[in-house]
There are 2 protein chains.
Amino acid sequence: MSARPEPRPLSPRASEIVAAARELLEEQGRDALTMRALAERLGIRAPSLYKHLPDKAAVEVALIERGFVELGDALHAAVADSAPSHVVANLLATYRKHALANPGLYRLATSGALPRQRLAPGLDEWAGTPFYLAVGEPHLAQALFSFAHGMVILELDSRYPDGSDLDRTWAEGARAFSSLSP
Amino acid sequence: MSARPEPRPLSPRASEIVAAARELLEEQGRDALTMRALAERLGIRAPSLYKHLPDKAAVEVALIERGFVELGDALHAAVADSAPSHVVANLLATYRKHALANPGLYRLATSGALPRQRLAPGLDEWAGTPFYLAVGEPHLAQALFSFAHGMVILELDSRYPDGSDLDRTWAEGARAFSSLSP
DNA sequence: AACCGTAGGCTAACGGTGTTAGCCGGTCAA
DNA sequence: TTGACCGGCTAACACCGTTAGCCTACGGTT
């Protein structure tokens, strides 16, 4: 098991900014994450933020990195703790739970173009390896991950018809993929 | 088979605007779809657009509706033309092909909050019913659709590692879901 | 003790966004 | 002929990310 890539460390003040950004993101959504709003929450003015971080993308990158670390930790733990017969189900349940608990961060990290160049190298792949560990075959793992992401992002965006029994939908997906894994 | 919900009709000039918006969207991406850029392409100024459409969201709604109609048509046709043993594979192939052929429109229609209130009622559900027709069970259908969307949106956003063999990943997913459908 | 560099605030401003208010010319019907 | 309205226009507003440049307070050096 390869070591977890670590995000580049931030100065203490930059960490405070990123923490405030996360609150703003989760409390009021992606559109509310504004340099001016972020500064106001810290009691300063927007241009002062640029003394600590180069631009808004850097704030987002820091948030995304933290999101991947937390999600990856949760998924690795889920796989490590699961009996083989329940790995897939447990992995999916963990994925869903974590994403729904941090919707703003999940969306930020997984929708739209990823600034891969600026991310800690290998971090996103590390966060995804539990899917491979769960099913033991790379393409099936990718398919399972795609299913999980599709489920989560559609749920977050309220794309399912009202009254959908998503628990059952997840269960059907788990059944489909479990039937192919060893 | 229920009839296809029709988007509310637009005035001729509004249709021209939406057509130009689509070109802009596909040629230069979502961020380039700007009221000023859109107006310029039509040889007018941005505020004049508001004589024909109430706001930018109306432009997007019109685009999304057209996207759903086209995608739904393609998927319904794919299901109608497929032998039962190949329905799932054909449906997925059609979904992928259509989405990759219209990436800007697909992203616009499926990522982020959907202004359901403003969409032609039932249109998005109609576009999704081929998944039900293909597998014959609503939860499995929802899971299959989620898989397809996850695959497409991750491919569009270049989220898979370089060199991924996505054809095989799609095939694995098709295999997983086919193994559960009648 | 005097100095100086720097860290970290600030205001003003620029170009971009969606959008509104208000003006004005042309067309077409009464 | 007149009047309504369609569909352009300019000016402007509030917000966005971002830059330039100023200023103050503090820590270390001479």
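From a predicted model like this one, the values you see are computed outputs, not experimental measurements. Proteins get letters first, then strands, A, B, ... in listed order; numbering begins at 1 in each.
Reading DNA chain D from its 5' end, the first and the last nucleotide to sit under 4.0 Å from a heavy atom of chain B are D:dG7 to D:dA12.
By the ring-ring contact (aromatic ring centres under 6.0 Å, His included) test, B:F68 is found to be paired with no residue, residues two or more places apart in sequence or in another chain being considered.
Nearest heavy atoms, A:V152 versus A:Y106: CG1-CE2, 3.4 Å.
Taking 4.0 Å as the cut-off between side-chain N and carboxylate O, A:R96 and A:E155 count as a salt-bridged pair. Under the 4.0 Å criterion applied to side-chain N and carboxylate O atoms, A:R41 and A:E27 are assigned as salt-bridge partners. Taking 4.0 Å as the cut-off between side-chain N and carboxylate O, A:R159 and B:D124 do not count as a salt-bridged pair.
In this structure, B:Q117 places its CD atom where only 12 or fewer heavy-atom neighbours from other residues, nucleotides or ligands lie under 6.0 Å away. Residue B:E40 qualifies as open at atom CD: its count of foreign heavy atoms under 6.0 Å is 12 or below. Atom CZ of A:R45 has 12 or fewer neighbouring heavy atoms from other residues, nucleotides or ligands inside a 6.0 Å radius.
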Given the rule in the ring-ring contact (aromatic ring centres under 6.0 Å, His included) test, do B:Y95 and B:W170 qualify, once you have shown the distances and angles that lead to the verdict? CA-CA 11 Å; B:Y95 193 91; B:W170 278 96; 7.3 Å; no

Determine whether B:R118 and B:E60 satisfy the following criterion, salt bridge (Lys or Arg N to Asp or Glu O under 4.0 Å), listing intermediate values before the conclusion. CA-CA 10 Å; B:R118 304 180 63 166; B:E60 293 176 341; over 6 Å; no

Going through the checks in order, is the ring-ring contact (aromatic ring centres under 6.0 Å, His included) test met by B:F177 and A:F177? CA-CA 8 Å; B:F177 284 99; A:F177 284 99; 5.6 Å; yes

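Contact check of residues 55-64 of chain A against DNA chain C (heavy atom, cut-off under 4.0 Å) returns no residues at all. Near-neighbour residues of DNA chain C inside residues 10-26 of chain B, defined by a heavy atom below 4.0 Å, are absent. For the contact set between residues 28-44 of chain B and DNA chain C, defined by any heavy atom under 4.0 Å, the members are B:L33, B:T34, B:M35, B:R36.
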Quick test: give all pairs of protein nitrogen or oxygen and nucleotides 22-26 of chain C nitrogen or oxygen below 3.5 Å, distance rounded to 0.1 Å.
none

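Look at A:H52 and you won't find any side-chain N or O under 4.0 angstrom from OP1 or OP2 of C:dA7. In this structure, A:S48 does not reach the C:dG8 phosphate: none of its side-chain N or O atoms is under 4.0 Å from OP1 or OP2.
Within the model, atoms NE2 of A:H149 and OG of A:S111 stand 6.0 Å from one another, a figure rounded to the nearest 0.5 Å. Interatomic distance, B:R22 CZ to B:L25 CG, rounded to the nearest 0.5 Å: 8.5 Å.
Residues B:F145 and A:L154 have side chains in contact (heavy-atom distance under 4.5 Å, counting atoms from C-beta outward).
Side-chain N or O atoms of A:S11 include one that pairs as donor or acceptor with a backbone N or O of A:A14 at under 3.5 Å.
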